[in-house]
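Beneath this line is the structure, given in structure tokens, with notes to follow.
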Amino acid sequence: MLQMADVRERYALPTEKEILAGLDEGATLPAEFYYAPEVYALEQEKIFAKSWQYACHESAVAKPGDYAVTKAGSTPIIVTHGRDGKLRGFVNVCRHRLHSIAEENGSKPLLQCPYHGWTYGLDGKLKTAPRSQREANFDCSTISLEPVAVERWDQWVFVNPDPAAPPLATVTADMRGFTDGINAELREYEFQVRYEYDMTCNWKVWAENAVECYHCPTLHQSSFGKTYHTNPDDYAVRSGDNTIWHDGPIKWLPGNVDPAGLRGFRFAFTFPSSFFALDDYVGFIGSVQPVGPEKCWAFVDMYAKPGADPVVVKEWLEMWDQTLIEDKRATDIQQIGYRSGRVPTGRLMLDSESPLQAFMKTTLSALSS
């Protein structure tokens, strides 16, 4: 089985202790972490196969029979709402010849594989298989979909490919004091649009961009940086082992409306890939997913506050799309630098980029476990 020691030997990387010491001094992870296929394989096994990740809004599985499809790294997952009212999660792969059970969200009393018609209950148990009566010793009751862990975080449904994963609360506990309030507000917001972005960069490059705002005044001058205060005295960041929190005040509104009294921007990130946020007009939740060593995909579901000024909402949605397109362009270009092999590590600005240091340490710990 591949281990981090094998990757270090293959690429002549520093030891874990040396990398950690470098992180403490403000260095980034070695560049190879952002393109080596062996690191990507380890991330699938040690991070995405063992981490809680956003799956869907509760409305996607609101009533018995509803099911939603998602992915956690390379693991395809289906979440079902059983007749007993319980949410369950399974690997979205038929036990016959590994075809997916469903390609999109839906609602049915049974789940039938479209390839050969094997049919499962919402509890994952095989009910029928065509021609099974012609097979010796074929017992449907011994076959079921592979389970995964499912939990709610308020209105959000999270999944973990590891069915024996520690509770989601072990990851989110240090952030609940901040997120309880924004989730309560977001529950009232109304869905508007999903934005999707394909990046030619390693997933960590995009995630690291998402958890710092040192770049906001420069990269987002006419988008996020125009809308919110992003200087270090106004824009606050907090980092835990698995969670990152941002908040910053609104500084500009269309029509020169005075932003005084507004609560401003609040953003939560959970390692490795899920995030949600809101301000007084819009909110969102999304995720970044690895597609390959140097490719990733992100989606962001946008919501608007009921009764909010439609002019502001329209401008805010356009602002967020512009911001994320700018992020995509920047991270695609960053990947060229990582892939060049000419610069072994970067140098962080720890006062402004402490979330990056926390994210990188968590990544290194997971890969070295």
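Throughout, numbering of the chain's residues begins at 1 and tracks the sequence. Please read these numbers as outputs of a predicted model, since none were measured by experiment.
With values rounded to the nearest 0.5 angstrom, Thr363 atom OG1 is found 9.0 Å from Phe33 atom CZ. In this structure, CD1 in Ile47 is found 11.5 Å from OH in Tyr40, a value given to the nearest 0.5 Å. Atom CD of Gln3 is separated from atom NZ of Lys46 by 4.5 Å, given to the nearest 0.5 angstrom. Distance check, rounded to the nearest 0.5 Å: CG of Leu145 to CG of Leu111 gives 7.0 Å. Annotation: the span from His229 atom NE2 to Cys216 atom SG amounts to 13.5 Å, rounded to 0.5 Å. Atom NZ of Lys71 sits about 10.5 Å away from atom CG of Asn92, to the nearest 0.5 Å.
Arg88 and Asp84 are joined by a salt bridge, as a carboxylate oxygen and a charged side-chain nitrogen come within less than 4.0 angstrom of each other. Under 4.0 Å is where a charged nitrogen must lie from a carboxylate oxygen, and between Glu58 and Arg187 at least one such pair does. With respect to the salt-bridge test (charged N to carboxylate O, under 4.0 angstrom), the residues Arg266 and Glu185 qualify. Residues Asp280 and Arg263 are not paired through a salt bridge, judged by the lack of any N-O separation under 4.0 Å between the basic side chain and the carboxylate. A salt bridge is absent between Arg329 and Asp332: the closest approach of a Lys/Arg side-chain nitrogen to an acidic carboxylate oxygen does not fall below 4.0 angstrom. Using a cutoff of 4.0 Å between basic side-chain nitrogens and carboxylate oxygens, Glu318 and Lys314 are scored as salt-bridged. Salt bridge annotation for Glu32-Arg10: absent, with no cationic side-chain nitrogen under 4.0 angstrom from a carboxylate oxygen.
No side-chain donor-acceptor contact under 3.5 Å links Thr331 and Asn209. Remark: the Glu294 side chain and the Gln335 side chain contain an N/O donor-acceptor pair separated by less than 3.5 Å. With no hydrogens or angles considered, no side-chain donor-acceptor pair links Ser274 and Gln53 at under 3.5 Å. A side-chain donor-acceptor contact under 3.5 Å links Tyr11 and Glu38. Using a 3.5 Å distance cut-off with no hydrogens or angles, the side chains of His246 and Tyr235 do pair a donor with an acceptor.
The environment of NZ in Lys50 is sparse: at most 12 heavy-atom neighbours from other residues, nucleotides or ligands sit within 6.0 Å. A 6.0 Å sphere centred on CG of Asp180 holds more than 12 heavy atoms belonging to other residues, nucleotides or ligands. In the displayed structure, Asp234 atom CG is contacted under 6.0 Å by more than 12 heavy atoms of other residues, nucleotides or ligands. Remark: Glu25 CD is loosely packed, at most 12 non-hydrogen atoms of other residues, nucleotides or ligands lying under 6.0 Å away. Annotation for Glu196: atom CD counts as buried by contact number, over 12 foreign heavy atoms lying within 6.0 Å.
If you look at Phe284 and Trp156, their ring centroids are not closer than 6.0 Å. Here Tyr34 and Trp203 keep their ring centres 6.0 angstrom or further from each other. Here the two rings, on Tyr197 and Trp206, have centers that are 6.0 Å apart or farther. Side-chain rings of Phe276 and Phe269 stay apart, their centers remaining 6.0 Å or farther from each other. A distance of 6.0 Å or more separates the ring centres of Tyr35 and Tyr338. The ring of His81 has its center no closer than 6.0 angstrom to the ring center of Tyr67. Annotation: Trp153 is in aromatic contact with Phe158 [ring centroid separation under 6.0 Å].
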Inset, instruction - Just do the salt bridge (charged side-chain N to carboxylate O under 4.0 Å, His left out) check on Arg95 and Glu146 with the steps written out, would you? - result: CA-CA 8 Å; Arg95 296 300 303 276; Glu146 285 292 315; 3.3 Å; yes
Inset, instruction - Mind running side chain to side chain contact (heavy atoms under 4.5 Å, CB included) on Gln289 and Ser273 for me, showing each step along the way? - result: CA-CA 7 Å; Gln289 289 289 325; Ser273 60; 4.0 Å; yes
Inset, instruction - Report the C-alpha distance between Asp247 and Arg238 in whole Å, list the side-chain angles of each, state the deciding distance to 0.1 Å, and finish with yes or no for salt bridge (charged side-chain N to carboxylate O under 4.0 Å, His left out). - result: CA-CA 9 Å; Asp247 61 73; Arg238 302 173 181 85; 3.0 Å; yes
Inset, instruction - Carefully, step by step, assess Arg194 and Asp301 under the rule salt bridge (charged side-chain N to carboxylate O under 4.0 Å, His left out). - result: CA-CA 4 Å; Arg194 167 171 284 199; Asp301 288 337; 2.6 Å; yes
Inset, instruction - Check step by step if salt bridge (charged side-chain N to carboxylate O under 4.0 Å, His left out) holds for Asp24 and Lys361. - result: CA-CA 9 Å; Asp24 286 337; Lys361 285 184 175 182; 2.5 Å; yes
Inset, instruction - Could you go through the side chain to side chain contact (heavy atoms under 4.5 Å, CB included) check for Val91 and Thr75 one step at a time? - result: CA-CA 7 Å; Val91 178; Thr75 305; 4.2 Å; yes
Inset, instruction - Take Glu212 and Ser352 through the test side chain to side chain donor-acceptor pair (under 3.5 Å) and record every step on the way to the result. - result: CA-CA 7 Å; Glu212 57 90 1; Ser352 297; over 6 Å; no
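The salt bridge (charged side-chain N to carboxylate O under 4.0 Å, His left out) check on Lys295 picks up nothing, with sequence neighbours excluded.
With contacts defined as side-chain heavy-atom distances shorter than 4.5 Å, the pair Ser223/Glu326 qualifies. Residues Leu324 and Lys328 form no side-chain contact, since every pair of their non-hydrogen atoms from C-beta on lies 4.5 Å or further apart. Annotation: side chain of Gln133 is not in contact with side chain of Thr128 (no heavy-atom distance under 4.5 Å). For the pair Leu23 and Leu29, the minimum side-chain heavy-atom distance is below 4.5 Å. Side chains of Ile101 and Val93 form no contact here, defined as non-hydrogen atoms less than 4.5 Å apart. Between Arg97 and Tyr115 there is a side-chain heavy-atom pair separated by less than 4.5 Å. At a threshold of 4.5 Å between non-hydrogen side-chain atoms, the residues Phe138 and Ile143 count as touching. Within the 4.5 Å cutoff, side-chain heavy atoms of Phe359 are placed close to those of Glu208.
A pairwise comparison of heavy atoms in Met4 and Leu367 identifies CB-O, 3.7 Å as the closest pair.
The side-chain contact (heavy atoms from CB on, under 4.5 Å) test with Met360 singles out one residue from Thr28, Leu20, Ile19, and that residue is Thr28. When the options Trp320, Trp316, Tyr281 are evaluated for a ring pair (Phe, Tyr, Trp, His ring centres under 6.0 Å) with Phe265, the one that passes is Trp320.
A side-chain donor-acceptor contact under 3.5 Å links Ser340 to the backbone of Arg342. Checked by atom type and distance alone, the side chain of His57 pairs as donor or acceptor with a backbone atom of Ser59 at under 3.5 Å. Looking at Ser368, its side chain never comes within 3.5 Å of a backbone N or O of Ser365 through a donor-acceptor pair. A donor-acceptor pair under 3.5 Å is absent between the side-chain atoms of Lys86 and the main chain of Asp123, judged by distance alone.
Relative to the ring axis of Tyr120, Lys127 does not place its NZ or CZ within 45° and under 6.0 Å from the centre.
Ring planes of His220 and His215: perpendicular class, angle over 60° (limits at 30 and 60°).
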